[in-house]
Amino acid sequence: MIIMIRKYVYTACVSILMLLFVTRVEKTHAAITLPAIITDSMVLQQRSAAALWGWAKAGEKIEITNDWDHRKVKTIADKNGTWQVRIKTGIAGGPYTITIRGENTITIKDVYLGEVWLCSGQSNMNFPLGKGESWRTGVFNCEAEIAKANYTTIRLFTVKQEVANEPQKDVKGKWNSCTSSVAAGFSAVAYYFAREIQKETGFPIGLIHSSWGGTPAESWTRKDTLQGNHALLPILQRYEEAIKKFPADEKAYAVELEKWKRGLDSITQQGGKATPMPKKPVDPLTDSKSPSTLYNAMIHPLIPFTIKGVIWYQGESNSDRPCEYQKLFPALINSWRKEWNTDFPFYFVEIAPHYQKIPEIREAQLYTYKTVSRTGLVVITDYGDSLNIHPRNKEVVGHRLALWALAKDYGKKEIVYSGPIYRSMNIEGNKVVIHFDYADGGLVAKEGTLKEFAIAGSDKQFMKANATIEGDKVIVWSDMVKQPEAVRFGWRNFPHAELYNKAGLPASPFSTGGLMAYPCQ
């Protein structure tokens, strides 16, 4: 009964808020209004049919013009007061002006045509260039890096962190030129990515940064996508159970808190050390870790703003569920592409070595790369910190993400953009021959010997193996395994980077004994 009342009250509150919102929209939409992402100093994707949209009075006639080709685009607001158009953009350049006329006139100034990238994920994407609170320790030599972070045609938009239980219409944020003061609090990985792309292409760059530390991938995934995949239904089931359990958790917390306060008074009087305060339970309905809450508030309102692609740094918060992530991460990518109605590139970072992060989660990321088109995997096994899940060297991460984009999207065909990726194996007697992609020109054992390989027979009991490089292959064997069937490389929480290609990029850890240490159904 209590649960039903709580759900009824919540639903009623939402309904009232929605009614107030609609009333407010109807009042303000007598004049044309625009979403936060469409404003002064923005970057529109060059050589595209870039989306512009907003709200107005139902039936209002709207005309859009620009000063790069002076074409007029006309539309009429629908019965809900919503309008949307596509405008043709030319080659990179600016600044330009866009004028939107209806019952009122809006002039959008300082607009550039260039390359627009969405930058999302959790704390390692959120990690800023400069120092902040808690884990936000800033990059190495951050003062000097901030001082030179002045690029007038790199534009930065940070989406305010918010949660929502239904898809929203708008976000909070604004476009800013990349200055030292703005860049200091902006995503370091995204900044380094943009800096390198601009250096190599000369194009204006627009970065839309939408991330939140400690969040799982399901928070960034549309609810319909989770509901439509049988393998992902447990995520929603856990969420529903958490909603039902929350009132009891609140009551238990209140009891524990009162007990703690009484104990605190006693300990204070006796001069002793207090026990930690009980942890307050988080309401699943307002939790950033709950399914779809961040998609609703921080991704959906950005659609259909035209983007070149996505860079992504996440996975740590799903590392305890690698089999589920093997299904979830591809579903997220494909659903975003469906929502944007374009097969944009999606480049992501493999989780850095850390004492708590099991190898199976990296294998799930490798699986995503191998099975989802137009994705790219950035391996950073050589820049992990066993005790810090937030390695400070974000420049190398941004650089390696940029390699993928430069090679795949900007015509830099000569660039080697990936380290060795396991392709196949064949057994020759008691030895296993491992073949790799991205090994042209040969492989390199950076420290002279290879120690991260393991081998197993039919019993799947892996033991340390000998390994030697022969050109673009690695030969693996052990005198203890006469009939080998499987090989692993770097299969530890904190693997040591040792195998590289001639371009100096490290190999991804892998297992040939199934996609995981245990098979995913």
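Here, residue 1 is the first one in the sequence, and each next residue gets the next number.
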Check step by step if side-chain hydrogen bond (donor to acceptor under 3.5 Å, both in side chains) holds for Gln122 and Ser317. CA-CA 8 Å; Gln122 57 179 110; Ser317 290; 3.0 Å; yes
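- Just one of Ile358, Ile380, Ile361 meets the side-chain contact (heavy atoms from CB on, under 4.5 Å) condition when paired with Ile351; it is Ile361.
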Can you check side chain to side chain contact (heavy atoms under 4.5 Å, CB included) on Asn334 and Val372, steps first, answer last? CA-CA 8 Å; Asn334 290 326; Val372 181; 4.0 Å; yes
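- Ring to ring, Trp117 and Phe193 are close: their centroids are under 6.0 angstrom apart.
- Across all their heavy atoms, Leu232 and Ala331 have their closest contact at CD1-CB, 4.0 Å.
- Taking every heavy atom of both residues into account, Thr152 and Ser177 meet most closely at O-OG, 3.6 Å.
- A side-chain donor from one of Asn150 and Ser180 sits under 3.5 Å from a side-chain acceptor of the other.
- Side chain to side chain, Gln161 and Ser288 fail the donor-acceptor criterion of an N or O pair below 3.5 Å.
- Evaluation of the ring pair (Phe, Tyr, Trp, His ring centres under 6.0 Å) test over residues 69-105, restricted to residues two or more places apart or in two chains, returns Trp68-Tyr96.
- With contacts defined as side-chain heavy-atom distances shorter than 4.5 Å, the pair Ile106/Thr99 does not qualify.
- Listed by first and then second residue, the salt bridge (charged side-chain N to carboxylate O under 4.0 Å, His left out) pairs involving residues 286-307 amount to none (not counting sequence neighbours).
- Between the side chains of Ser123 and His390, a donor-acceptor pair is found at a separation under 3.5 Å.
- Side-chain N or O atoms of Arg374 include one that pairs as donor or acceptor with a backbone N or O of Asp343 at under 3.5 Å.
- Applying the side chain to side chain donor-acceptor pair (under 3.5 Å) test to Thr75 and every residue at least two apart in sequence or in another chain returns nothing.
- Two residues are said to be in side-chain contact when any heavy atoms from C-beta on lie closer than 4.5 Å; Pro291 and Thr221 fail this criterion.
- Atom CG of residue Leu44 and atom CD1 of residue Ile98 lie 5.0 Å apart, to the nearest 0.5 angstrom.
- Glu316 pairs by the side chain to side chain donor-acceptor pair (under 3.5 Å) definition with Asn124, not counting sequence neighbours.
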Worked check of side chain to side chain contact (heavy atoms under 4.5 Å, CB included) between Met277 and Leu257: CA-CA 7 Å; Met277 183 178 180; Leu257 182 63; 3.6 Å; yes
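- A distance of 9.5 Å separates CG in Leu401 from OH in Tyr313, rounded to the nearest 0.5 Å.
- For Trp220, the side chain to side chain donor-acceptor pair (under 3.5 Å) partners two or more places apart in sequence, or in a different chain, are Thr215.
- For the pair Ile389/His354, a side-chain contact is recorded, criterion being any heavy-atom separation below 4.5 Å from C-beta on.
- Taking every heavy atom of both residues into account, Val43 and Gly114 meet most closely at CG1-N, 3.7 Å.
- Ion pairing of Glu324 with Arg321 is present here, as a side-chain N (NZ or NE/NH1/NH2) and a carboxylate O approach within less than 4.0 Å.
- Taking each heavy atom of Gly102 and Ile32 in turn, the nearest pair found is N-CD1, 3.4 Å.
- Residues Tyr383 and Val397 fail the side-chain proximity criterion, which asks for heavy atoms closer than 4.5 Å.
- Taking all atoms of both residues into account, the shortest heavy-atom contact from Phe246 to Pro281 is CE1-O, 3.8 Å.
- Salt-bridge formation is detected for the pair Arg195/Glu395: a Lys NZ or Arg NE/NH1/NH2 atom is positioned less than 4.0 Å from an Asp or Glu carboxylate oxygen.
- Judged by the 6.0 Å and 45° rule, Lys394 forms a cation-pi pair with Phe127.
- Put simply, the side chain of Thr225 does not reach to within 4.5 Å of the side chain of Tyr295, judged on heavy atoms.
- Residue pairs meeting the salt bridge (charged side-chain N to carboxylate O under 4.0 Å, His left out) criterion with at least one member in residues 85-97: none, sequence neighbours excluded.
- Between Trp312 and Phe346, the two ring planes are tilted [angle within 30° to 60°].
- Two residues are said to be in side-chain contact when any heavy atoms from C-beta on lie closer than 4.5 Å; Asn176 and Phe157 fail this criterion.
- Closest non-hydrogen pair, Ile38 versus Leu52, comes out as CD1-CA, 3.8 Å.
- Rounded to the nearest 0.5 angstrom, Arg337 CZ and Leu332 CG are separated by 10.5 Å.
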Test Thr179 against Ser181 for side-chain hydrogen bond (donor to acceptor under 3.5 Å, both in side chains), laying out the working first. CA-CA 5 Å; Thr179 62; Ser181 59; 3.2 Å; yes
Step by step, would you call Ile154 with Gln198 a side chain to side chain contact (heavy atoms under 4.5 Å, CB included)? CA-CA 8 Å; Ile154 294 179; Gln198 183 167 93; 3.5 Å; yes
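- Between Pro509 and Glu350 the shortest side-chain heavy-atom distance falls below 4.5 Å.
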Going through the checks in order, is the side chain to side chain contact (heavy atoms under 4.5 Å, CB included) test met by Leu129 and Cys142? CA-CA 6 Å; Leu129 200 63; Cys142 60; 5.8 Å; no
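- The salt bridge (Lys or Arg N to Asp or Glu O under 4.0 Å) test with Glu115 is passed by exactly one of Lys308, Arg47, Arg155: Lys308.
- Taking the charged nitrogens against the carboxylate oxygens, Asp40 and Lys109 have no contact shorter than 4.0 Å, which rules out a salt bridge.
- Between Tyr347 and Thr375 the shortest side-chain heavy-atom distance does not fall below 4.5 Å.
- Taking CG from Leu366 and CD1 from Ile421, the interatomic distance works out to 6.0 Å, rounded to the nearest 0.5 Å.
- Donor-acceptor pairing under 3.5 Å is lacking for the side chains of Tyr325 and Asp320.
- Glu145 and Tyr192 share a side-chain donor-acceptor pair at under 3.5 Å.
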